[in-house]
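This report concerns only the one structure given below.
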Number of protein chains: 2
Amino acid sequence: MKISAQEEYGLRCLVQLAALPEGGSLTLPQIAEREGISIANAGKLMWLLNKAGFVHSTRGTKGGYSLERPAEDIRLSEIIKVLDEDVLSKHCGSYTGVLDSCVHNGDCGIRPVIIGLHMLVENALSQITLAQLVGSERSVDAMFHRVHSIHRTVEPHGV
Amino acid sequence: MKISAQEEYGLRCLVQLAALPEGGSLTLPQIAEREGISIANAGKLMWLLNKAGFVHSTRGTKGGYSLERPAEDIRLSEIIKVLDEDVLSKHCGSYTGVLDSCVHNGDCGIRPVIIGLHMLVENALSQITLAQLVGSERSVDAMFHRVHSIHRTVEPHGV
DNA sequence: AACAATCTTGACGAAAAAATAATGATTTGC
DNA sequence: GCAAATCATTATTTTTTCGTCAAGATTGTT
Ligand code: FES
Ligand code: FES
């Protein structure tokens, strides 16, 4: 289970914008430099994020990208959903082996686990806003542990 | 965030073995047919699972694969860890853009989120055994919801 | 109007992942 | 001992994902 390059870099670009003072903006070359990626790559990522409505772009001299909404209002779950291209609903169609469709269609024990995991992850991410990622690693870590503690509350008996 | 083909098919092959009557075994062609994948592919997956100690293989006529340990003792977290090839520890080395290492080394707000998500997922998967995946979709779904309920118990205030 | 800075967008090439193929090794049954 | 059945291992090909390029469109400046 891993995060894709699009998710990772897209999220990072948004964090750069969120770290700016109120109303600030960055051009593609600036974003690319700050994230250590190519300008072309940053361009594609920002194009996606623009289409999805997270950022606002201005062309021409003095142009650039800025957040469309306050960073405090943007939840990570929304961002990942966009950068992830609906991987969940395509799950059964992706792993069909040499056949045309999942051999387990109709009665599959794995599907509920996949769906459950996605809900779990989405729920955790929905509790974190873009603004919260701007701080230093230490503070983000402490913040996540508050979310993380939710799984300590489960009774230890096997399910 | 998605599951890889290796994780998906590897897990499915193990479920097939777990569904067998006590002590039963399956040959590669049988596994391949039941999962709708090629024999070559099944062979590679079972080789991995054998190296990791989940299954026991017997060569020659009347050979095949069987579970090395009871399905009730094998937790999904163990399986995924093997099929996932330690994606977590390689995270920072994977997304380096055009540079040699993560631009955020030393103070990164995303890393704790990635690590936290992994812990969350691993914790959920550690509460599910292979044996529990054998039943019908409905029963597995109900079972997962008992695990899943852990995230409903979190206080809804923002973190 | 001409020019420079900037974003837009589809096509293309490179890299990584997945699947397949090929060859070898072990066991069983005769 | 030999042949058939089976797993083991590495190499090759195919597919998918990722990154780059190039031509275009828009805006601001002089
Ligand atoms: S994951 Fe699609 S039917 Fe099992
Ligand atoms: S993910 Fe590696 S430093 Fe941020």
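Naming convention: chains lettered A, B, ... in sequence-line order (proteins, then strands); numbering from 1 in each chain.
- Listed by chain and residue number, A:E122 satisfy the salt bridge (charged side-chain N to carboxylate O under 4.0 Å, His left out) test with A:K81 (two or more places apart in sequence, or in another chain).
- From B:F54, atom CZ reaches atom SG of B:C13 across 13.0 Å, with rounding to the nearest 0.5 Å.
- For the pair B:L48 CG and D:dA8 P, the interatomic distance rounds to 11 Å; values are reported in whole Å.
- Atom C1' of nucleotide D:dT20 and atom CD1 of A:I37 are separated by 12 Å, given to the nearest angstrom.
- Following rounding to the nearest Å, B:N50 (CG) and D:dC7 (P) show an atom-to-atom distance of 11 Å.
- Contact check for B:L17 versus B:M46: side-chain heavy atoms found under the 4.5 Å cut-off.
- Direction of the helix axis in the helix from C:dA1-D:dT30 to C:dC30-D:dG1 shifts by 0° between the two five-pair termini, rounded to 10°.
- D:dC7 atom P lies 14 Å from atom CG of B:L45, rounded to whole Å.
- We find that CD1 of B:I39 is positioned 11 Å from C1' of D:dT6, with the value rounded to whole Å.
- When all heavy atoms of B:G24 and B:S66 are compared, the pair lying nearest together is O-CB, 3.4 Å.
- A search for side chain to side chain donor-acceptor pair (under 3.5 Å) contacts involving A:E72 returns nothing, not counting sequence neighbours.
- Annotation: side-chain contact (heavy atoms from CB on, under 4.5 Å) contacts of A:A40 (sequence neighbours excluded): A:S38.
- Of the two residues near DNA chain D, B:W47 and B:V98, the one whose nearest nucleotide lies more 5' is B:W47.
- With sequence neighbours left out, the salt bridge (charged side-chain N to carboxylate O under 4.0 Å, His left out) criterion links B:E7 to no other residue.
- No side-chain heavy atom of A:Y65 sits less than 4.5 Å from a side-chain heavy atom of A:T27.
- Across the interface with DNA chain D, nearest-nucleotide mapping of B:M46 and B:G97 shows B:M46 to be the residue nearer the 5′ end.
- Minimum interatomic distance between A:N50 and A:V55 (heavy atoms only, all atoms of both residues): OD1-O, 3.0 Å.
- B:Q132 places a side-chain N or O within 3.5 Å of a backbone atom of B:T129 that can act as its donor or acceptor partner.
- First and last contacting nucleotides of DNA chain C toward chain B (any atom under 4.0 angstrom from a heavy atom, 5' to 3' order): C:dA18 to C:dT28.
- Residues meeting the ring-ring contact (aromatic ring centres under 6.0 Å, His included) test with B:H91, sequence neighbours left out: B:Y95.
- Every residue two or more places apart in sequence or in another chain was checked for a side chain to side chain donor-acceptor pair (under 3.5 Å) with B:E68, and none qualifies.
- Contact between the side-chain N/O atoms of A:N41 and the OP1/OP2 oxygens of D:dC18 is not found at any separation under 4.0 Å.
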Item to check | nucleotides 22-30 of chain D: protein proximity per nucleotide (B base, S sugar-phosphate only, - neither; heavy atom, under 4.0 Å) | outcome: --BBBBS--

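- The interatomic distance linking A:K90 (NZ) with D:dT16 (P) rounds to 12 Å, in whole Å.
- Looking at residues 7-27 of chain B, you'll see B:Y9 sit with a heavy atom under 4.0 Å from some atom of DNA chain C.
- Taking the nucleotide of DNA chain C with the nearest heavy atom to each of A:G63 and A:K51, the more 5' of the two is matched to A:G63.
- Contact annotation: A:S38 side-chain N/O to D:dT20 OP1/OP2 distance is under 4.0 Å.
- A straight line from CG of A:L28 to C1' of D:dT20 spans 14 Å, rounded to a whole angstrom.
- When the side-chain contact (heavy atoms from CB on, under 4.5 Å) test is applied to A:V87, the partners found at least two apart in sequence or on another chain are A:D84, A:H118, B:K2.
- Under the salt bridge (charged side-chain N to carboxylate O under 4.0 Å, His left out) criterion, B:R69 pairs with B:E78, sequence neighbours left out.
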